[in-house]
There are 2 protein chains.
Amino acid sequence: MATILIIDDEKEMRELLRLYLEPEGFTCIEADDGEAGLAEFGRRHIDLILLDIMMPKLDGYRFCMHVRERSQVPIIFLTARSDEWDRVYGLKIGADDYIVKPFSPNEVVARVHAVLRRTKGTDATSQYEAGSIVVDEKARKVTVNGKPVVLTLKEFELLVLFLKHRGQVFTREQLLDRVWGIHYVGSTRTVDTHIKTLRIKLGEAGQLIQTVWGVGYKFDETI
Amino acid sequence: MATILIIDDEKEMRELLRLYLEPEGFTCIEADDGEAGLAEFGRRHIDLILLDIMMPKLDGYRFCMHVRERSQVPIIFLTARSDEWDRVYGLKIGADDYIVKPFSPNEVVARVHAVLRRTKGTDATSQYEAGSIVVDEKARKVTVNGKPVVLTLKEFELLVLFLKHRGQVFTREQLLDRVWGIHYVGSTRTVDTHIKTLRIKLGEAGQLIQTVWGVGYKFDETI
DNA sequence: CAATAATTTCACAAAGTTATCACAATGATT
DNA sequence: AATCATTGTGATAACTTTGTGAAATTATTG
C-alpha cells in the first residue's frame with residue numbers, strides 16, 4: 001500500500017491525518033517542517049505528500065519547488081484559506097490538489113485516493129523491450145517484430161508485469177494479486193488461460209513466457 | 001522597433017534603464033508598481049517586460065502570474081540578490097531571464113536583445129493537425145478536410161487534449177480531471193457521451209479516437 | 001424570463017472480455 | 001511402465017464494458 005508523507009508544523013494536525021489514513025491501509029510518515037520533510041523524502045520511497053503551506057524554516061511553496069526539481073510525486077496542499085490555493089495554482093508549482101482546513105476524514109481519504117488513482121502511471125518513460133517485443137505502456141500498444149499485436153486488458157497487464165520483472169518467477173497467486181487485485185476470488189487456473197492466449201498472440205516470442213513446473217510462470221529471454 | 005515595459009518602484013532605476021535602452025532604439029514605457037504595469041500592459045502592445053520583484057501593491061511574482069494567464073510576452077526579472085532568482089526559477093512562473101542589480105548598461109542591452117532574439121516567433125499559432133483534422137486552439141476552430149466543424153466546449157477541450165498527447169491512453173477519470181477539472185463529481189459515463197458526439201461531428205476522422213477496452217480512450221493515427 | 005444550447009443521466013442494446021469446465025497432454029515420481 | 005500431479009487447450013456461458021438514443025437537467029444567450 002502507499003506511503004504518505006505528512007508535513008505540518010502542528011503535531012495535532014499530523015496525528016489527525018494519520019488517524020484518518022492509517023485505517024485505510026496507508027503508511028504514514030511525519031515531518032514537522034519543510035527541511036525535515038525533504039530529509040524524509042530523500043530517505044525513503046514516498047507515494048504522496050500532504051503538505052501544509054505555513055511552516056517555519058522551509059514553507060510549503062519552497063518545499064514543493066525543491067521536490068519538483070527531482071520528482072513528480074503527487075502533492076496535496078493543506079491550506080487554511082482557499083485563496084492560498086490561488087497562489088499555489090497560479091504559480092504552477094505542480095500541486096495535484098488542495099484541501100482547505102478544517103476538513104472531514106472522508107474528504108481527506110477521498111482526495112488521497114483520487115490523486116493516487118489519477119497520477120498512477122503518469123511519470124517516467126513507458127517503453128519496454130524484450131527480444132522482438134516492444135511494449136508502450138502509456139499508449140497500451142504492443143508490437144512483435146514491428147507488427148502490432150492487440151491484447152486484452154489482462155493480457156496486457158500480465159505482459160507489462162513480466163517485462164518489469166524479467167526472470168522473476170511468479171506463482172499464479174502472485175499474478176492474480178498483482179494483475180487482478182488482492183480481492184480476486186476464483187480459480188487460479190484462470191491465469192493459465194490468459195497465459196495461453198498471450199503466448200498465442202505473441203507468436204514466436206510467446207516462448208519467452210516460460211512455465212516453471214510446480215511453481216508458476218516467468219518471463220525470460222535466456223533459456 | 002520593440003516596446004519595453006519597465007516596472008520598478010524606484011524612479012531612478014526606471015530612468016537608468018530607459019537611458020540604456022532608448023539609444024538602442026527601444027521604446028520604453030514606465031510603471032511604478034504591478035497594478036500600473038498591468039494597466040499599461042492592457043493598454044498597448046508590449047514586446048518585453050523588465051520587472052522588479054520587490055514592489056508595493058502587486059509584487060513581481062504576482063504580476064508575472066497575472067500576465068502569464070493571458071500572454072507569453074518575454075519577462076526579465078530584476079533582482080537585488082541572486083537567490084531571489086532561485087525562487088522565480090523554481091516556481092516556474094515563466095520568466096525568461098534575470099538581471100542582478102547593480103548591472104552595467106551593456107549587460108541590460110545584451111540580455112534584452114538575447115531574450116527578444118530567442119523568443120521571436122514563439123508566440124506561434126496554436127495549430128494542431130492530425131490526419132484530416134486541423135485544430136486552431138487560440139481561434140477555437142476545427143476543420144475536417146477543410147470543412148469547419150462546430151464543437152461545444154467539452155468536445156473541443158477533449159479533442160485538444162487528445163491532440164496534445166497523441167497515442168496516450170486516458171482513463172475516463174483522467175479525462176474528467178483534465179477537461180472538467182479535478183473537483184468534478186458525477187458519472188464517468190458522461191465522458192462516453194461526449195466522445196460519441198465528438199466522433200459523430202468529426203465524421204470519418206472520428207475513428208482516430210479509439211476505445212481502449214477496459215481502460216479508456218486514446219487518439220491514435222496508427223492502428 | 002423565455003428560448004436555445006449544452007451537458008448529464010439513464011436505460012437498454014451491442015460488443016468484447018473473462019472465468020470456468022472438461023478433457024488432453026505433459027512432466028515428475030515410484 | 002504405471003501412476004499421480006500439473007499444465008495446456010478449446011468451447012462456451014457469464015459477465016463487464018461500451019455505444020447509443022432519448023429524456024432530464026443545467027447553463028447560456030438574447
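Numbered from 1 within each chain, the chains take letters A, B, ... in sequence-line order. Nothing here was measured: the structure is a model prediction, and the numbers come from that model.
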Shortest non-hydrogen contact between [X] and [Y], atoms and distance:
X	Y	result
A:L38	A:F63	N-CE1, 3.5 Å
B:I133	B:V135	CG2-CG2, 3.9 Å
A:L21	A:C28	CB-SG, 3.8 Å
B:A31	B:L5	CB-CD1, 4.4 Å
B:G60	B:L51	O-CD2, 3.6 Å
B:D52	B:L78	OD1-O, 3.3 Å

When A:Y184 and B:S187 are each assigned the nearest nucleotide of DNA chain C, the 5'-most assignment goes to B:S187
### Message
Looking at the base of D:dG8, is there any donor atom on it, or on the side chain of A:R199, that sits under 3.5 Å from an acceptor on the other one?
### Response
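Flag unset: no donor-acceptor pair detected.
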Would you find a donor on one side and an acceptor on the other, under 3.5 Å apart, between the side chain of [X] and the backbone of [Y]?
X	Y	result
A:D47	A:I4	no
B:E40	B:I29	no
A:D8	A:E10	yes
A:E221	A:A130	no
B:D33	B:E35	yes

Just call it for [X]: base, sugar-phosphate, or nothing, with non-hydrogen atoms closer than 4.0 Å on any strand.
X	value
A:V150	nothing
B:V215	sugar-phosphate
B:V185	nothing
A:F156	nothing

Atom-to-atom span, [atom1] of [X] to [atom2] of [N] - whole angstrom:
X	N	atom1	atom2	result
B:R189	D:dG21	CZ	P	14 Å
A:I195	D:dT6	CD1	C1'	15 Å
A:Q210	D:dG8	CD	P	12 Å
B:K218	D:dT18	NZ	C1'	17 Å
B:L151	C:dA5	CG	C1'	14 Å
A:H194	D:dG8	NE2	P	14 Å
A:K154	C:dT20	NZ	P	12 Å
B:E155	C:dA6	CD	C1'	9 Å

(Q) Do B:F162 and B:I195 have side chains that approach each other closer than 4.5 Å (heavy atoms only, starting at C-beta)? (A)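 In short, these two side chains touch, coming nearer than 4.5 Å.
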Could you tell me which residues satisfy salt bridge (Lys or Arg N to Asp or Glu O under 4.0 Å) with [X], sequence neighbours excluded, listed by chain and number?
X	answer
A:E24	none
B:R199	none
A:K164	A:E137

Please write out each protein N/O paired with an N/O of nucleotides 28-30 of chain D under 3.5 Å, distance rounded to 0.1 Å.
none

Distance-only donor-acceptor hits, side chain of residues 176-185 of chain A, under 3.5 Å, sequence neighbours excluded:
unit_1: A:R178; atom_1: NH2; unit_2: A:H165; atom_2: NE2; d: 3.4
unit_1: A:Y184; atom_1: OH; unit_2: A:T190; atom_2: OG1; d: 3.3

With five pairs defining each end axis, the helix from C:dC1-D:dG30 to C:dT30-D:dA1 comes out bent, to 10°, by 40°
Requested in this report: For B:F170 and B:L158, run side chain to side chain contact (heavy atoms under 4.5 Å, CB included): C-alpha distance rounded to whole Å, both residues' side-chain angles, the deciding distance at 0.1 Å, then the answer.
Outcome: CA-CA 11 Å; B:F170 292 93; B:L158 274 173; over 6 Å; no
Any N/O pairs under 3.5 Å between the protein and nucleotides 27-30 of chain C? List them or say none.
unit_1: C:dG27; atom_1: O4'; unit_2: A:W213; atom_2: NE1; d: 3.4

So, is [X] near the phosphate of [N], with a side-chain N or O under 4.0 Å from OP1 or OP2?
X	N	answer
B:T152	C:dA5	no
A:Y217	D:dG8	yes
A:T211	D:dT7	no

Please list each protein N or O that sits under 3.5 Å from an N or O in nucleotides 11-15 of chain D, with the distance.
none

Closest to the 5' end of DNA chain D, once B:G216 and B:I200 are matched to their nearest nucleotides, is B:G216
- Members of residues 169-181 of chain A that approach DNA chain D, where some heavy atom sits under 4.0 Å away: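 Close to the strand are A:R172.
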Quick one: side chains of residues 200-209 of chain B, donor-acceptor pairs under 3.5 Å with protein atoms, not counting sequence neighbours, listed by atom name and distance.
unit_1: B:K201; atom_1: NZ; unit_2: B:V150; atom_2: O; d: 3.2
unit_1: B:K201; atom_1: NZ; unit_2: B:E155; atom_2: OE1; d: 2.8

Between protein and nucleotides 24-27 of chain D, what N or O pairs are separated by less than 3.5 Å?
none

Exercise. State whether a side-chain donor-acceptor pair under 3.5 Å links A:Y98 with A:R111.
Key: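 There is no such pair (donor and acceptor under 3.5 Å, judged by atom type) between the side chains of A:Y98 and A:R111.
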Residues passing the ring pair (Phe, Tyr, Trp, His ring centres under 6.0 Å) test with A:F26, sequence neighbours excluded, are A:H113
